[in-house]
Each structure stands twice: as C-alpha cells, then as structure tokens.
Student: 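Questions regarding the structure given below will be posed in turn.
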Amino acid sequence: MYPFLRLARNVRQAHRAPRLGLFDTHVSTHVCMPWDLDLWWELNNGRTLTIYDLGRIPLAIRTGLVDVLKREGWGLTIAGSMVRYRRRVRMWDKVEMHSRMLGWDRRFLYLDQSMWRADGECTSQAIYRAALTDAKGIVTTDRSAPALGAPAESPTLPDWVQTWIASEDARPWPPATKK
C-alpha cells in the first residue's frame with residue numbers, strides 16, 4: 001500500500017519549510033519500517049522507489065513547481081528512472097534523502113536523489129526524467145522553463161546523465177516481444 005500518511009507528513013513539512021531555488025537540494029529523513037522490507041529483511045527495491053516519491057513531491061512543493069502545475073493545469077509524470085543500489089537499509093534504519101533538479105532537455109526535467117545512512121554511506125541513488133503534461137501531451141521545456149522562472153538554457157547535465165539519455169534514446173520502443 002502507498003504510504004499516504006508518510007506522504008501527508010512530508011507534504012505538511014514542505015509547506016512549512018522555506019522555499020528553495022530551482023537547483024537547491026531538499027533534504028528529508030525517512031525510517032525503514034517493517035512493511036518496507038523484502039524477504040531478506042532489508043528495504044525492498046520497489047519500496048525504495050516509493051520512498052523516493054516522498055522526497056520528490058516535497059521538492060516540487062518547495063521549488064514552486066506544484067504552484068506552476070496548478071496555475072497552468074499541467075500534470076507531472078515520471079518518464080524514466082535509473083537506480084543504483086549500493087548499501088543495505090535494514091529495519092529501523094534512518095536515512096537522509098537528498099533530492100534536487102539537475103536540469104532539462106527539450107522534453108524532460110532530470111532529477112537526482114540519493115539516500116544516506118547515519119554513518120555517511122550512500123545506500124542508493126536514483127536519476128529520474130520527468131515530463132510535464134497537458135491535454136496535448138508533453139509540455140516542452142521551452143514552455144515550462146519560463147513558467148518556472150528558470151533560465152532558457154539548462155545547466156549542462158553531467159556526462160553520465162547525458163550517456164543515460166543517449167542510451168534511452170537508442171532503446172527500441174515498444175520493446176521486442178516473444179519471437
């Protein structure tokens with residue numbers, strides 16, 4: 001089940017927190033609960049993605065993105081993700097999550113999120129590409145950047161993010177099925 005109570009707490013905290021600049025980092029803390037575990041008693045990989053939601057949504061609130069979505073009647077959807085898992089998160093472990101915008105290309109916004117244990121170890125990192133949408137489909141960034149008060153040009157995305165974008169562009173769609 002989706003963690004609606006945890007989401008409500010994070011949204012309430014985001015509304016009370018000071019605004020962030022578009023490229024500032026939102027920091028939040030989360031605890032691995034018993035219902036977040038997999039069969040090996042560690043944070044389930046799918047649940048990790050759900051908990052990352054609990055950092056992205058408050059980031060969108062604090063940067064003013066949610067206000068723009070409401071004003072313009074736009075939606076927000078995740079169009080791709082890449083996750084690297086490196087350290088276990090066990091029951092009752094507290095993690096600090098860092099969420100930030102990296103930049104954009106013609107169609108997508110790119111977000112970076114990472115989880116950190118109290119001992120300073122990074123447990124995972126996720127990169128997301130998100131699309132703003134309206135009734136006609138994707139809202140291109142030449143329209144969305146000015147609405148966000150962002151510069152027309154994105155900061156240069158890191159090389160490894162650009163490599164991921166190129167890989168996604170080369171990936172066939174729809175995927176091949178049984179022969």
Side-chain angles (χ1 to χ4, degrees), residues 1-18 20-63 65-66 76-105 108-131 154-173 175-176:
M1 179 170 189
Y2 196 82
F4 291 107
L5 295 177
R6 289 157 94 177
L7 176 63
R9 177 181 60 91
N10 282 276
V11 166
R12 185 178 69 248
Q13 288 173 341
H15 281 294
R16 293 178 178 169
L20 291 175
L22 193 57
F23 300 103
D24 290 342
T25 300
H26 170 72
V27 178
S28 54
T29 56
H30 307 271
V31 175
C32 181
M33 304 300 284
W35 43 87
D36 297 332
L37 302 175
D38 62 17
L39 296 176
W40 293 270
W41 292 84
E42 59 188 53
L43 181 60
N44 176 279
N45 65 308
R47 191 58 151 193
T48 300
L49 297 176
T50 300
I51 293 173
Y52 273 131
D53 281 351
L54 303 180
R56 278 194 316 280
I57 294 167
L59 174 69
I61 292 167
R62 293 188 65 200
T63 59
L65 175 58
V66 168
L76 177 65
T77 189
I78 296 299
S81 63
M82 174 178 62
V83 184
R84 176 180 278 181
Y85 300 95
R86 286 297 180 260
R87 298 287 180 261
R88 291 179 169 161
V89 177
R90 304 275 186 179
M91 186 166 50
W92 308 122
D93 282 354
K94 183 187 247 186
V95 293
E96 183 176 88
M97 183 189 307
H98 296 205
S99 306
R100 67 189 176 116
M101 167 94 72
L102 292 174
W104 54 87
D105 61 18
F108 302 111
L109 307 176
Y110 293 90
L111 306 163
D112 174 28
Q113 292 187 280
S114 55
M115 288 187 198
W116 301 80
R117 289 191 313 216
D119 64 6
E121 289 280 337
C122 184
T123 66
S124 64
Q125 180 192 30
I127 303 300
Y128 292 90
R129 65 198 233 171
S154 169
T156 302
L157 294 167
D159 290 342
W160 57 273
V161 173
Q162 292 182 44
T163 300
W164 175 58
I165 294 167
S167 173
E168 281 292 301
D169 290 346
R171 186 176 174 180
W173 190 260

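Not measured: the values here are computed from a predicted model.
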Student: More than 12 heavy atoms of other residues, nucleotides or ligands under 6.0 Å from CZ of Arg84: is that the case?
Tutor: no
Student: Name all pairs fulfilling the salt bridge (Lys or Arg N to Asp or Glu O under 4.0 Å) condition that reach into residues 34-51, sequence neighbours left out, sorted by first residue then second.
Tutor: Arg6-Asp36, Asp36-Arg47, Glu42-Arg88
Student: Measuring from atom CZ of Arg9 to atom CZ of Phe4, what distance do you get when rounded to the nearest 0.5 angstrom?
Tutor: 15.5 Å
Student: For residues 95-104, please give each side-chain donor-acceptor pair under 3.5 Å, one per line with the distance, not counting sequence neighbours.
Tutor:
residue : atom : partner : partner atom : Å
Glu96   : OE1  : His98   : NE2          : 2.7
Ser99   : OG   : Gln113  : NE2          : 2.9
Arg100  : NE   : Asp112  : OD2          : 3.0
Arg100  : NH2  : Asp112  : OD2          : 3.0

Student: Is any side-chain heavy atom of His30 closer than 4.5 Å to a side-chain heavy atom of Asn10?
Tutor: yes
Student: Could you grab the distance from atom OH of Tyr110 to atom CD1 of Ile127, nearest 0.5 Å is fine?
Tutor: 11.0 Å
Student: Between Pro3 and Leu54, is there a side-chain heavy-atom distance shorter than 4.5 Å?
Tutor: yes
Student: When rounded to the nearest 0.5 angstrom, what is the spacing between CD in Gln13 and CZ in Arg62?
Tutor: 10.0 Å
Student: What heavy-atom pair brings Phe108 and Arg129 nearest, and what distance separates the two atoms?
Tutor: CE1-NH2, 3.2 Å
Student: With heavy-atom distances below 4.5 Å as the criterion, would you say the side chains of Thr48 and Thr123 are in contact?
Tutor: no
Student: Listed by chain and number, what are the side chain to side chain contact (heavy atoms under 4.5 Å, CB included) partners of Ile78, not counting sequence neighbours?
Tutor: Arg56, Tyr128, Ala130
Student: Looking at residues at least two apart in the chain, or sitting in another chain, which of them share a salt bridge (Lys or Arg N to Asp or Glu O under 4.0 Å) with Arg87?
Tutor: Glu121
Student: Could you give the distance from CD (Gln125) to CH2 (Trp116), rounded to the nearest 0.5 Å?
Tutor: 8.5 Å
Student: Nearest 0.5 Å please: distance from the CG atom of Asp93 over to the CE atom of Met115.
Tutor: 11.5 Å
Student: Kindly compute the distance separating CG (Asn44) from CG (Leu37), expressed to the nearest 0.5 Å.
Tutor: 8.5 Å
Student: Where is the tightest heavy-atom contact between Pro34 and Trp92, given as atom of each residue plus distance?
Tutor: CD-CH2, 3.6 Å
Student: Could you tabulate the donor-acceptor pairs under 3.5 Å formed by side-chain atoms of residues 157-169, not counting sequence neighbours?
Tutor:
residue : atom : partner : partner atom : Å
Gln162  : NE2  : Leu157  : O            : 2.5
Thr163  : OG1  : Asp159  : O            : 3.0
Glu168  : OE2  : Arg171  : NH1          : 3.0

Student: Testing the basics here: between Ile57 and Leu7, what is the closest heavy-atom pair and its distance to 0.1 Å?
Tutor: CD1-CD1, 3.8 Å
Student: Can you list everything that forms a side-chain hydrogen bond (donor to acceptor under 3.5 Å, both in side chains) with Ser154? Sequence neighbours excluded, please.
Tutor: none
Student: Taking all non-hydrogen atoms of both residues into account, name the closest pair between Cys122 and Ser124 and its distance.
Tutor: SG-O, 3.4 Å
